[in-house]
Amino acid sequence: MMFPSTAKHDDAFTSRLTASQQKAVFHRDGPLLVIAGPGSGKTRVITFRIAALIDSGVPPQNICAITFTNKAADEMRQRAFAFSASAGAHISTFHSLCVRILRRYSEFAGITPNFSIYDDSDQSKCVKQAITDCNLNTTDFSPARTLDAISTLKNKLIDAGAFENQADDFFSKTLSKIYSRYQQILKDLNAVDFDDLLMKAAFLLENNPDVRSELGHRYKYLLIDEYQDTNHAQYRIAKALASAHNNICATGDPDQSIYRWRGADIRNILDFERDWPNAVVVRLEENFRSAPCILEVADRLIANNQSRKEKRLIATRPPAGKVVIEPYEDEVEEAFGVADNIRRLVDEGTSLSNIAIFYRVNAQSRAIEEAFIRSKIPYQIVRGVEFYNRKEIRDILAYLKVIVNPADKVALLRIINTPTRGIGKTTIDKVQDYASRRNISLYEAIRAVSQISNVPQSTAAKLTAFLNMVEGFRKNDSGLVAEMVERVFTDSGLEKSLIAEGADGKDAAANVEELISAAAVYDKQTETPALVDYLQQIALFSDADAYNASVERVALMTLHSAKGLEFDNVFIVGVEEGLLPHERSADNDDETEEERRLFFVGITRAKVNLFIAFAKYRQIRGQTLRTIPSQFLFELGLSFSESAERNDNGYLKSTIDNRQSTISNHQSSIINHKLSPRFHRGDIVVHKKFGIGTVKDFADMGDNSVVTVAFNTGQTKSLALKYAKLTKL
DNA sequence: GCGAGTTATGTTTTT
DNA sequence: CATAACTCGC
């Protein structure tokens, strides 16, 4: 079979497949694992594989591909469709697939199909309630930490009942009580949290052989991208789905695992061959994305991770571009430095859409934004969920949630007096009290307000008017979301109250208009649009989904959101101790290694030029603090420390006017090639900084040789030979 | 019941 | 520092 070369697609997709890629693409039945470094075409292999399966006669609806983000799913869908009639193939994230399964087989999961999906703030309200219900206070049991603990349990598929059985100490027993209560609250509200989606789907599949077999036959081929970041629940779901046929194909890179904190279990990919006997393993080691100098620093950095199988990144692109480390005085200087570099790139003819800025924490975007506004550089902040977190948007969505799922008390409490309609705390308390005594939902209690003795007639009338309004919305639901949002906006009085607010309200109203437009797009693109489906879809939106590659703007995003993307020019800012690696991972080697992988992911997004920046001082929580350059900078094998020292001595002036001199000093950190000597195990060596040590290992890679030395100080370091300044004793 | 003003509190990454 | 939560006077 041949893929059309005449197609009008981007080069990456029309260029030839390598022998290894072909092996993966045309593999027919049975388990397949594609272990591949960054820029090696993993996602491309999955996309082509979908096309190849269809070409060989597999009906599209028998294919299920799982991606990491909705955005990635959209792209894969489009590309697969360009090469084959793939319409009907299921391509989505794990979470979306679970929503689909839970909606279809809801009765097996103990919920109704109109369930609400709760985000952190909704979850937080429920867990606070659970803590209070257990006669505990939220100072002893912090809601955030409790939720974290519950989330970890759910990701391991330990439900409240199972945890109760294994809880043996005081803390676990208390946590177990909160966990049970929390689940009961969610059940009463017909709501699930993100982790429930996975846990409930996993249990549903495992406990119902009929459902499992039905879905196994529906999805005869299962393909999973970014497998290194799957958690235990996702692993069990995959296992259950593929158990009927073993046609599971996973692609991933252990070096790019960056979601351990969210329950991702790297063992899933490491143990794939054990879990799936006879698995065919294909390794893709060639990198088609980045210039050799970028791969060199990436390779050297990741070599510092101890718990890692060595993997090569073989450059295929011709030498080009550069890697630069730039020291700055503070975050403002850093931001203007980035802006200056961008201006220079633009002068050279670079398109703004080929430039991205990555940072560790979202708060770092502010300084960059301010500099870009002042420098008139168009940018987009890739933060998809932010829009949906705006007060006015959450208000509208709460109305929609109540319309779809009246049991959703969190949403109901949000809108019952928004905009204000004279239903205050005392009234709500009375109705809630009645509801809990009768064991009915708050919504039902409002319906029965005339029965509640201590609610005055005038207040009861207000409640009834509110109820009638919501009922009116429910009766007039055509399924078209835009229509409903518009009706809710006007009829609820939200529009009126926003207009009354003045300028701020005007902005808010404009946001609602934007929501209406987005909903109209959904209505248009969806075969059978429905409010339930819309709400469940937008609940699963991620930051990365907001990235728009087609606009002429510089992209600003976190390192986590950068996963799966690539840009000609990449800036990584704030590479300092405490930020990258983040302080929260300081005393834990595993977490430090994950931070290193995160940096690795960022670096390997760059195709041509990579700019790494750090600041000497940084404002953190209002205080200006002296920083220390990240340990990772030393591991890149660039002679940046020299320029940093010079920086320390005040050699580099920190005003924008002097940026020219700053840049020329950076020349010293641009990689240049020279021959390096060879070392052997046992050689005694001297290092300028670490002193005397013994060579433990020598990876002979010519120019890129890496030598591992156990220094007498007790630390063992892997050093890039050509920069390490090692001398044999 | 409402909203302005004050006080506490919490700070990573995200499906 | 920034926002959420809370208090208190109207």
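Values below: all heavy atoms of this structure, side chains included; hydrogens, waters and symmetry mates excluded. Keep in mind that this is a model prediction, so the values were computed, not measured.
The CG-C1' distance, from A:Asn362 to C:dC1, rounds to 16 Å in whole Å.
Nucleic acid contact class of A:Ser585 (heavy atoms, under 4.0 Å, all strands): none. Within 4.0 Å (heavy atoms only), A:Asp119 reaches no atom of the nucleic acid at all. A:Asn70 comes within 4.0 angstrom of no nucleic acid atom, judged by non-hydrogen atoms across all strands. Heavy atoms of A:Thr69 sit nowhere under 4.0 angstrom from any nucleic acid atom. Within the 4.0 angstrom heavy-atom criterion, only backbone atoms of the sugar-phosphate kind lie near A:Arg366; the bases stay farther away. Using a 4.0 Å heavy-atom cutoff across all strands shown, A:Phe94 reaches no nucleic acid atom at all.
Under the ring pair (Phe, Tyr, Trp, His ring centres under 6.0 Å) criterion, A:Tyr219 pairs with A:His90, not counting sequence neighbours. In this structure A:Arg584 satisfies the salt bridge (Lys or Arg N to Asp or Glu O under 4.0 Å) test with no other residue, sequence neighbours excluded. Every residue two or more places apart in sequence or in another chain was checked for a side chain to side chain donor-acceptor pair (under 3.5 Å) with A:Asn468, and none qualifies. With sequence neighbours excluded, the residues forming a ring pair (Phe, Tyr, Trp, His ring centres under 6.0 Å) with A:Tyr534 are A:Tyr522, listed by chain and number. For A:Tyr259, the ring pair (Phe, Tyr, Trp, His ring centres under 6.0 Å) test picks out A:Phe68, A:Trp261, A:His560, with sequence neighbours left out.
Between chain A and DNA chain B, the heavy-atom contact criterion of under 4.0 Å yields a 5' to 3' nucleotide range of B:dG1 to B:dT15.
For A:Glu594 and A:Thr426, each mapped to the nucleotide of DNA chain B holding its nearest heavy atom, the one lying further toward the 5' end belongs to A:Thr426. Each of A:Thr459 and A:Thr93 has a nearest nucleotide on DNA chain B; the 5'-most of these lies closest to A:Thr459.
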Return all side-chain donor-acceptor pairs below 3.5 angstrom for residues 367-374 of chain A, not counting sequence neighbours, or 'none' if the list is empty.
{"unit_1": "A:Glu369", "atom_1": "OE2", "unit_2": "A:Tyr379", "atom_2": "OH", "d": "2.8"}

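A side-chain N or O of A:Ser542 and one of A:Asp545 form a donor-acceptor pair less than 3.5 Å apart. In summary, the side chains of A:Asn304 and A:Arg596 do not present any donor paired with an acceptor at a separation below 3.5 Å, with no hydrogens or angles considered.
Spacing of C1' atoms, B:dT12 relative to C:dA5, comes out at 23 Å, to the nearest Å.
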Quick one: which protein N/O atoms are closer than 3.5 Å to N/O atoms of nucleotides 4-10 of chain C? Pair and distance per line, please.
{"unit_1": "C:dA5", "atom_1": "OP1", "unit_2": "A:Lys128", "atom_2": "NZ", "d": "3.1"}

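Contacts classified as salt bridge (charged side-chain N to carboxylate O under 4.0 Å, His left out) and involving residues 194-204 of chain A (residues at least two apart or in different chains) are given here: A:Lys154-A:Asp196.
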